[in-house]
Amino acid sequence: QVQLVESGGGLVQAGGSLRLSCAASGSTFLINRMAWYRQAPGEQRELVARVSTDGTTNYAESVKGRFTISGDNAKNMVSLQMNRLKPEDTAVYYCNAGGLLSYHRGRYYPGGYDIDYWGEGTLVTVSS
(Lines give C-alpha, C1' and ligand atoms only; values in the text may rest on other atoms or scores of the structure.)
Protein backbone atom coordinates (compact mmCIF):
# COMPACT_ATOMS: atom_id res chain seq x y z
CA GLN A 1 0.00 0.00 0.00
CA VAL A 2 1.01 3.57 -0.64
CA GLN A 3 -0.17 6.53 1.43
CA LEU A 4 -0.27 10.03 -0.01
CA VAL A 5 -0.51 13.29 1.94
CA GLU A 6 -1.08 16.58 0.16
CA SER A 7 -0.35 20.08 1.39
CA GLY A 8 -0.34 23.61 0.07
CA GLY A 9 -3.91 24.34 -0.96
CA GLY A 10 -5.69 27.54 -0.06
CA LEU A 11 -7.26 30.76 -1.28
CA VAL A 12 -5.50 32.97 -3.79
CA GLN A 13 -6.48 35.83 -6.05
CA ALA A 14 -6.54 35.42 -9.80
CA GLY A 15 -3.06 35.85 -11.23
CA GLY A 16 -1.43 34.57 -8.08
CA SER A 17 0.56 31.42 -7.38
CA LEU A 18 0.35 28.36 -5.17
CA ARG A 19 2.54 25.35 -4.70
CA LEU A 20 1.09 21.95 -3.87
CA SER A 21 3.19 19.15 -2.43
CA CYS A 22 2.53 15.47 -1.95
CA ALA A 23 4.53 13.04 0.11
CA ALA A 24 4.30 9.30 -0.48
CA SER A 25 5.00 6.66 2.15
CA GLY A 26 4.62 2.92 2.47
CA SER A 27 5.43 0.66 -0.47
CA THR A 28 6.90 3.48 -2.54
CA PHE A 29 9.07 1.06 -4.51
CA LEU A 30 5.90 0.25 -6.47
CA ILE A 31 5.53 3.78 -7.81
CA ASN A 32 6.38 4.46 -11.46
CA ARG A 33 4.44 7.67 -11.87
CA MET A 34 2.90 10.46 -9.82
CA ALA A 35 0.31 12.97 -10.87
CA TRP A 36 -2.10 15.69 -9.84
CA TYR A 37 -5.76 15.50 -10.69
CA ARG A 38 -8.48 17.99 -9.88
CA GLN A 39 -12.21 17.94 -9.51
CA ALA A 40 -14.36 21.04 -9.62
CA PRO A 41 -17.92 21.02 -8.20
CA GLY A 42 -20.24 19.17 -10.53
CA GLU A 43 -17.39 18.11 -12.79
CA GLN A 44 -15.49 14.89 -13.37
CA ARG A 45 -12.01 14.41 -12.00
CA GLU A 46 -9.43 15.36 -14.61
CA LEU A 47 -5.71 14.95 -15.03
CA VAL A 48 -3.74 18.14 -14.44
CA ALA A 49 -0.16 16.92 -14.77
CA ARG A 50 1.80 13.68 -14.55
CA VAL A 51 5.47 12.86 -14.07
CA SER A 52 7.04 9.44 -14.53
CA THR A 53 10.06 8.20 -12.64
CA ASP A 54 12.13 8.77 -15.81
CA GLY A 55 11.17 12.44 -15.71
CA THR A 56 8.63 12.42 -18.54
CA THR A 57 5.86 14.94 -17.94
CA ASN A 58 2.38 15.45 -19.35
CA TYR A 59 0.05 18.40 -18.83
CA ALA A 60 -3.56 19.20 -19.49
CA GLU A 61 -3.86 21.77 -22.26
CA SER A 62 -5.59 24.18 -19.88
CA VAL A 63 -2.54 24.42 -17.60
CA LYS A 64 0.35 24.23 -20.05
CA GLY A 65 2.72 27.13 -19.57
CA ARG A 66 1.25 27.98 -16.15
CA PHE A 67 1.75 24.84 -14.05
CA THR A 68 4.92 22.85 -13.51
CA ILE A 69 5.07 19.38 -12.00
CA SER A 70 8.27 18.10 -10.43
CA GLY A 71 9.08 14.81 -8.81
CA ASP A 72 11.74 13.85 -6.32
CA ASN A 73 12.25 10.11 -6.55
CA ALA A 74 14.64 10.02 -3.60
CA LYS A 75 12.16 11.75 -1.30
CA ASN A 76 9.06 10.15 -2.84
CA MET A 77 7.50 13.55 -3.32
CA VAL A 78 5.79 15.40 -6.12
CA SER A 79 5.04 19.11 -6.31
CA LEU A 80 2.85 21.25 -8.51
CA GLN A 81 3.82 24.87 -8.98
CA MET A 82 0.77 26.79 -10.13
CA ASN A 83 1.26 30.26 -11.57
CA ARG A 84 -1.10 32.76 -13.15
CA LEU A 85 -4.02 31.05 -11.50
CA LYS A 86 -7.50 31.57 -12.89
CA PRO A 87 -10.91 31.23 -11.21
CA GLU A 88 -11.53 28.17 -13.38
CA ASP A 89 -8.60 26.46 -11.64
CA THR A 90 -10.73 26.30 -8.49
CA ALA A 91 -11.08 22.65 -7.52
CA VAL A 92 -10.05 19.97 -5.09
CA TYR A 93 -6.62 18.78 -6.16
CA TYR A 94 -5.74 15.15 -5.62
CA CYS A 95 -2.31 13.58 -5.55
CA ASN A 96 -2.10 10.30 -7.42
CA ALA A 97 0.57 7.62 -7.52
CA GLY A 98 0.57 4.69 -9.87
CA GLY A 99 2.52 1.50 -10.09
CA LEU A 100 2.56 -2.14 -10.98
CA LEU A 101 1.87 -5.05 -8.67
CA SER A 102 3.06 -8.56 -9.40
CA TYR A 103 0.24 -9.98 -7.30
CA HIS A 104 -3.21 -8.57 -6.75
CA ARG A 105 -5.97 -10.27 -4.76
CA GLY A 106 -4.12 -13.58 -4.83
CA ARG A 107 -3.55 -13.61 -8.58
CA TYR A 108 -0.19 -13.34 -10.31
CA TYR A 109 0.13 -10.85 -13.17
CA PRO A 110 3.31 -11.51 -15.20
CA GLY A 111 3.01 -8.13 -16.89
CA GLY A 112 2.09 -6.40 -13.66
CA TYR A 113 -1.28 -5.20 -12.36
CA ASP A 114 -1.67 -1.46 -12.77
CA ILE A 115 -2.86 0.19 -9.59
CA ASP A 116 -3.56 3.75 -8.47
CA TYR A 117 -3.35 5.34 -5.05
CA TRP A 118 -5.01 8.62 -4.07
CA GLY A 119 -4.58 11.30 -1.49
CA GLU A 120 -7.54 12.86 0.28
CA GLY A 121 -7.32 16.07 -1.71
CA THR A 122 -6.58 19.70 -0.99
CA LEU A 123 -8.84 22.61 -1.92
CA VAL A 124 -7.59 25.37 -4.18
CA THR A 125 -9.83 28.41 -4.49
CA VAL A 126 -9.01 31.18 -6.94
CA SER A 127 -11.00 34.37 -6.47
CA SER A 128 -11.67 36.79 -9.31
Side-chain angles (χ1 to χ4, degrees):
Q1 290 290 329
V2 173
Q3 295 78 43
L4 302 171
V5 178
E6 303 108 333
S7 61
L11 173 65
V12 64
Q13 287 189 335
S17 298
L18 278 177
R19 185 177 181 86
L20 305 182
S21 295
C22 174
S25 61
S27 301
T28 57
F29 60 89
L30 296 171
I31 297 173
N32 60 16
R33 64 187 184 275
M34 295 189 77
W36 289 94
Y37 285 72
R38 67 186 180 186
Q39 188 169 18
E43 302 290 334
Q44 290 189 338
R45 192 173 297 188
E46 63 175 357
L47 175 68
V48 176
R50 176 188 292 124
V51 59
S52 301
T53 50
D54 65 0
T56 303
T57 57
N58 300 95
Y59 294 92
E61 285 296 324
S62 59
V63 306
K64 280 185 179 179
R66 300 189 298 122
F67 291 10
T68 303
I69 190 169
S70 57
D72 186 330
N73 294 337
K75 296 182 179 179
N76 297 310
M77 293 188 66
V78 64
S79 298
L80 185 69
Q81 178 66 42
M82 305 185 293
N83 298 327
R84 291 185 282 136
L85 282 159
K86 303 176 181 180
E88 50 263 43
D89 295 318
T90 295
V92 177
Y93 284 70
Y94 295 91
C95 180
N96 165 271
L100 291 175
L101 299 176
S102 297
Y103 288 88
H104 180 65
R105 295 183 178 179
R107 180 179 173 181
Y108 174 65
Y109 291 83
Y113 179 89
D114 194 76
I115 193 164
D116 283 288
Y117 301 96
W118 296 92
E120 293 188 351
T122 184
L123 178 62
V124 172
T125 303
V126 184
S127 63
S128 57

Legend entry - Single-linkage hydrophobic cluster I31~M77, side-chain heavy atoms < 4.5 angstrom: no
Inset, instruction - Quick one: pull up CD1 in I69 and CD in Q81 and give me the separation to the nearest 0.5 Å. - result: 12.0 Å
Inset, instruction - Please tell me if the side chains of R38 and L80 come closer than 4.5 Å, counting only heavy atoms from C-beta onward. - result: no
Inset, instruction - Find the distance between CZ (R50) and CE (M34) and round it off to the nearest 0.5 Å. - result: 12.5 Å
Legend entry - Minimum heavy-atom distance S17-N83, with the two atoms named: OG-OD1, 2.9 Å
Inset, instruction - Kindly work out whether a path of hydrophobic side-chain contacts (I/L/V/M/F/W/Y, heavy atoms less than 4.5 Å apart) joins L30 to Y103. - result: no
Legend entry - Rounded distance (nearest 0.5 Å) linking atom SG of C22 with atom CG of D72: 12.5 Å
Legend entry - Donor-acceptor contact below 3.5 Å, side chain N76 vs main chain A24: no
Inset, instruction - Measure the shortest side-chain to side-chain distance between V12 and M82 over non-hydrogen atoms and say whether it is less than 4.5 angstrom. - result: no
Inset, instruction - Following the transitive rule for hydrophobic clusters with a side-chain heavy-atom cut-off under 4.5 Å over Ile, Leu, Val, Met, Phe, Trp and Tyr, establish whether V51 and Y37 coincide in one cluster. - result: no
Legend entry - Smallest separation among heavy atoms of A14 and S128, with atom names: CB-CA, 4.4 Å
Inset, instruction - Please check if L101 and L4 belong to a single hydrophobic cluster, counting links between Ile, Leu, Val, Met, Phe, Trp and Tyr side chain heavy atoms closer than 4.5 Å. - result: yes
Considering only distance and modelled atom types, tabulate donor-acceptor pairs under 3.5 Å from the side chains of residues 105-117, sequence neighbours left out.
{"residue": "D114", "atom": "OD1", "partner": "R33", "partner atom": "NH1", "Å": "3.2"}
{"residue": "D114", "atom": "OD1", "partner": "R33", "partner atom": "NH2", "Å": "3.3"}
{"residue": "D114", "atom": "OD2", "partner": "R33", "partner atom": "NH2", "Å": "2.9"}
{"residue": "D116", "atom": "OD1", "partner": "R33", "partner atom": "NH2", "Å": "3.4"}
{"residue": "D116", "atom": "OD1", "partner": "N96", "partner atom": "ND2", "Å": "3.1"}

Inset, instruction - Search all heavy atoms of L11 against all heavy atoms of S127 and return the closest pair with its distance. - result: CD1-CB, 4.3 Å
Legend entry - Beyond-backbone contact of F67 with L85, side-chain heavy atoms, under 4.5 angstrom: yes
Inset, instruction - Indicate the ring-plane relationship of W118 and Y94, choosing parallel, tilted or perpendicular according to the 30° and 60° boundaries. - result: perpendicular
Inset, instruction - Keeping the roles fixed (side chain from T90, backbone from V126), state whether a donor-acceptor pair exists under 3.5 Å. - result: yes
Inset, instruction - Verify the distance criterion only: is there a donor paired with an acceptor across the side chains of N32 and T53 at less than 3.5 Å? - result: no
Inset, instruction - Please report the closest heavy-atom contact between V78 and C95, naming both atoms and the distance. - result: CG1-SG, 3.9 Å
Inset, instruction - With sequence neighbours left out, write down each residue that passes salt bridge (charged side-chain N to carboxylate O under 4.0 Å, His left out) with R66, or none if nothing qualifies. - result: D89
Legend entry - Side chain E6, main chain E120, donor-acceptor under 3.5 Å: yes
Inset, instruction - Working to the nearest 0.5 Å, report the span between NZ of K75 and OG1 of T28. - result: 14.5 Å
Legend entry - Test item: Y59 side-chain N/O and G65 main-chain N/O as donor-acceptor pair under 3.5 Å: no
Legend entry - Within-4.5 Å side-chain heavy-atom neighbours: R19 and S79: yes
